[in-house]
Amino acid sequence: IANNELEDIGNFDVHLKAGNSLASSGIDLVASGDLSYDNFRDIDRQPFTGFPIGVDEPTEFTVLVKITVRDANTLEPVQGVDVYIKAGVGGPLAPGTEVMAGTTDVNGEAYMDTPFTSVQPISGQGRKGTVSPFYQETKFSGVMTGDGYENTVYAISDEE
């Protein structure tokens with residue numbers, strides 16, 4: 001593999017570049033029976049789109065990012081929580097870049113499809129402070145992968 005086919009070999013980022021000449025040089029592992037379609041994913045959990053060589057698919061796609069907020073005492077969903085998620089250190093996005101912003105629905109869920117290129121550490125927070133019942137700020141962190149990111153957080157009431 002030529003260095004110009006890879007993202008940044010000098011910094012050990014050996015992901016294939018988009019538009020590389022190797023993307024369709026491999027074999028169809030699903031047709032050969034070696035992998036099921038559900039397991040046909042690269043090292044970052046991105047679905048392969050061709051006959052891949054190696055372990056990487058360079059294209060960007062979207063993943064589901066979903067936060068469910070529940071009352072810490074009753075375990076009931078909490079509607080109206082403002083949720084913000086930003087990029088942490090160690091991924092392709094600059095730290096602090098907004099990954100998701102939303103408000104929980106009647107099921108206590110805030111979600112959106114988010115662009116994904118590589119594994120991304122994230123941190124987030126949620127708070128319901130504009131309409132009663134009020135809830136304290138809840139913080140969380142994790143890693144967004146090619147499978148997305150889902151988390152349930154438990155909010156503490158501000159009205160006890």
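Quick caveat, the model's predicted, so the values are computed rather than measured. FYI, side chains are in, hydrogens and waters are out, and symmetry mates aren't considered; it's all heavy atoms of this structure. Nothing fancy with the numbering, it's 1 onward along the sequence.
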Name each donor-acceptor pair under 3.5 Å that joins a side chain in residues 133-141 to protein atoms two or more places apart or in another chain, with its distance.
{"from": "Y135", "atom 1": "OH", "to": "D71", "atom 2": "OD2", "distance (Å)": "2.6"}

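In this structure, E150 has no salt bridge (Lys or Arg N to Asp or Glu O under 4.0 Å) partners at least two apart in sequence or on a different chain.
One hydrophobic cluster, built from ILVMFWY side chains closer than 4.5 Å, cannot hold both V99 and Y111; they sit in different ones.
In this structure, the separation between NZ on K66 and CE on M100 is 11.0 Å, given to the nearest 0.5 Å. Interatomic distance, I85 CD1 to M144 CE, rounded to the nearest 0.5 Å: 9.0 Å. Note that the OG1 atom of T114 and the CG atom of L64 stand 8.0 Å from one another [nearest 0.5 Å]. With values rounded to the nearest 0.5 angstrom, R127 atom CZ is found 5.0 Å from D158 atom CG.
Using modelled atom types, no side-chain atom of Q125 and backbone atom of Y84 make a donor-acceptor pair closer than 3.5 Å. Put simply, the side chain of Q120 gets close to the backbone of L93: a donor and an acceptor are under 3.5 Å apart.
Residues in residues 86-98 take part in no side-chain hydrogen bond (donor to acceptor under 3.5 Å, both in side chains) pair, two or more places apart or across chains.
Between N107 and T68 there is no side-chain heavy-atom pair separated by less than 4.5 Å. Counting heavy atoms from C-beta outward, L75 and Y154 have side chains that approach closer than 4.5 Å.
Heavy atoms only, all atoms of each residue included: A110 and G102 are closest at CB-C, 4.3 Å. Between T145 and V63, the closest heavy-atom pair is O-CG1, 3.9 Å. Of all the heavy atoms in A87 and A94, the pair that sits closest is CB-O, 3.6 Å. The nearest pair of heavy atoms linking V89 to P121 is O-CG, 3.3 Å.
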